[in-house]
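Below is one structure, written out as structure tokens; comments come after it.
Numbering starts at 1 and runs along the sequence shown. Everything numeric here is computed off the predicted structure, so don't read it as measured data.
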Amino acid sequence: MNNKIKVEAVVGHIDSNTFVVEENGTIVLIDAGAPLNDVKKALGKRKPSAILLTHEHFDHVYHIDYYKKEFACPIFSPTSEDEIVVEKMVIKPILAPGHSPKSVVYLIGDSLFTGDVLFAMGIGRTDFPESNPREMQKTLNRLLGIKFVTAYHGHYEPSSYAQQQINIRRYIE
């Protein structure tokens, strides 16, 4: 795999990450928890061609209405694993229920954007009313088979493939 994407995290509401992802001149935003002005500062003169949502918890969509108005680009919250093509960028959504029913992780190049499904040293909470621990187990088993180099999480620092193999195995029953 050849990681030719650039990723910048903009920290927002409840320390959630909004990612500015660029590949071959195409830019997408992942999640909408960071204030619009902070995202615009990270973008500079560039504009996103799409916004991808990992799930609908408030800390990841808090500023979506401002983004929608400012950027006027498509917003994706997939319910299938059909490939998304945004200009020159190919995005593979992977349905990942458990933390929330509509959780999605995205594979772009050799980078995995996990929302709140995975963290560097843990997994997403499954004690919310809409969470499903059994679905999280299925998701974790599926994610073991996904090849990537770096995982970017909805909160805190990224992790490596090797770290995630260890991390996921700790939580599989």
Side-chain angles (χ1 to χ4, degrees), residues 1 3-44 46-120 123-124 130 135 139 142-143 146-159 164:
M1 291 186 209
N3 193 1
K4 53 191 170 183
I5 71 170
K6 297 177 189 168
V7 178
E8 182 177 349
V10 183
V11 180
H13 200 67
I14 310 180
D15 292 327
S16 65
N17 289 321
T18 295
F19 292 104
V20 177
V21 182
E22 181 174 4
E23 180 181 41
N24 298 322
T26 300
I27 297 169
V28 298
L29 300 178
I30 298 179
D31 284 339
L36 177 62
N37 285 338
D38 294 348
V39 172
K40 286 172 62 175
K41 185 184 289 185
L43 286 167
R46 304 171 299 165
K47 295 281 183 192
S49 298
I51 300 167
L52 309 170
L53 299 176
T54 61
H55 63 298
E56 297 175 353
H57 285 166
F58 74 98
D59 54 329
H60 294 268
V61 299
Y62 194 78
H63 298 283
I64 193 66
D65 290 336
Y66 297 110
Y67 290 21
K68 196 183 308 184
K69 184 177 178 185
E70 178 71 23
F71 302 123
C73 63
I75 299 170
F76 294 93
S77 184
T79 57
S80 77
E81 297 190 359
D82 293 342
E83 190 174 87
I84 298 167
V85 179
V86 178
E87 295 177 13
K88 300 175 187 176
M89 186 182 292
V90 177
I91 302 156
K92 170 92 172 107
I94 301 161
L95 302 182
H99 174 67
S100 77
K102 295 182 180 180
S103 288
V104 179
V105 301
Y106 296 98
L107 186 63
I108 303 174
D110 56 10
S111 295
L112 188 69
F113 296 87
T114 69
D116 286 358
V117 173
L118 298 175
F119 297 111
I123 63 170
E130 74 279 6
E135 287 297 315
T139 290
R142 188 170 45 242
L143 292 178
I146 304 296
K147 302 289 186 210
F148 60 90
V149 172
T150 305
Y152 295 93
H153 311 293
H155 299 269
Y156 315 114
E157 298 300 317
S159 61
Q164 280 307 314

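Evaluated for a side chain to side chain donor-acceptor pair (under 3.5 Å) with E130, the options H57, K102, H55 yield exactly one hit, H57. Looking at D15, D59, N17 one by one, the single match for side chain to side chain donor-acceptor pair (under 3.5 Å) with H155 turns out to be D59.
Judged by distance alone, with hydrogens and angles left aside, the side-chain atoms of H153 form a donor-acceptor pair with the main-chain N or O of L118 at under 3.5 Å. Between the side chain of S100 and the backbone N or O of S103 there is at least one donor-acceptor pair closer than 3.5 Å. With hydrogens and angles disregarded, no donor-acceptor distance shorter than 3.5 Å links the side chain of T54 to the backbone of V104. Between the side chain of Y67 and the backbone N or O of C73 there is no donor-acceptor pair closer than 3.5 Å. No donor-acceptor pair under 3.5 Å is formed between the side chain of E135 and the backbone N or O of H99.
Salt bridge K40/E70: present, at least one basic N to carboxylate O contact under 4.0 Å. Between R46 and E22, at least one side-chain N (NZ, or NE/NH1/NH2) sits under 4.0 Å from a carboxylate O, which counts as a salt bridge.
Put simply, the side chain of V85 does not reach to within 4.5 Å of the side chain of I91, judged on heavy atoms. Taking the side chain as every heavy atom from C-beta outward, P78 and I84 approach each other to under 4.5 Å. Using a 4.5 Å heavy-atom cutoff, the side chains of L29 and V21 are not in contact. Residues T18 and V39 form a side-chain contact, since some pair of their non-hydrogen atoms from C-beta on lies under 4.5 Å apart. In this structure, the side chains of L143 and V105 come closer than 4.5 Å at one or more pairs of heavy atoms. L36 places none of its side-chain heavy atoms less than 4.5 Å from the side chain of H63. In this structure, the side chains of M89 and E23 come closer than 4.5 Å at one or more pairs of heavy atoms. Within the 4.5 Å cutoff, the side chain of L53 has heavy atoms near those of the I75 side chain.
No more than 12 heavy atoms of other residues, nucleotides or ligands shown are found within 6.0 angstrom of CD on E157. Annotation for Y156: atom OH does not count as buried by contact number, only 12 or fewer foreign heavy atoms lying within 6.0 Å.
Separating the CG atom in L112 from the OG1 atom in T150 is a distance of 10.0 Å, to the nearest 0.5 Å. In this structure, NE2 on H60 lies 8.5 Å from CD1 on I14, to the nearest 0.5 angstrom. Distance check, rounded to the nearest 0.5 Å: CD1 of I94 to OG1 of T139 gives 10.0 Å. Expressed to the nearest 0.5 Å, how far CZ of F71 lies from OG of S49 amounts to 11.0 Å. Here the CZ-CD1 distance, from F76 to I51, works out to 10.5 Å after rounding to the nearest 0.5 Å.
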Verdict with supporting geometry, V61 and D31, side chain to side chain contact (heavy atoms under 4.5 Å, CB included): CA-CA 6 Å; V61 299; D31 284 339; 5.7 Å; no
Chi angles and distances behind the side chain to side chain contact (heavy atoms under 4.5 Å, CB included) call for L43, I27: CA-CA 9 Å; L43 286 167; I27 297 169; 3.9 Å; yes
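Here the closest non-hydrogen pair linking I5 and S111 is CD1-OG, 3.4 Å. Smallest separation of non-hydrogen atoms from A120 and P158: CB-O, 4.3 Å. Nearest approach of V117 to A96, heavy atoms of both residues: CG2-O, 3.7 Å. Minimum heavy-atom separation, P35 to G12: CD-CA, 4.0 Å. Nearest heavy-atom pair, S77 versus E56, reported as atom, atom and distance to 0.1 Å: OG-OE2, 3.9 Å. The shortest non-hydrogen separation linking E8 to A42 is OE2-CB, 3.5 Å.
Listed by chain and residue number, F113, Y152 satisfy the ring-ring contact (aromatic ring centres under 6.0 Å, His included) test with F19 (two or more places apart in sequence, or in another chain).
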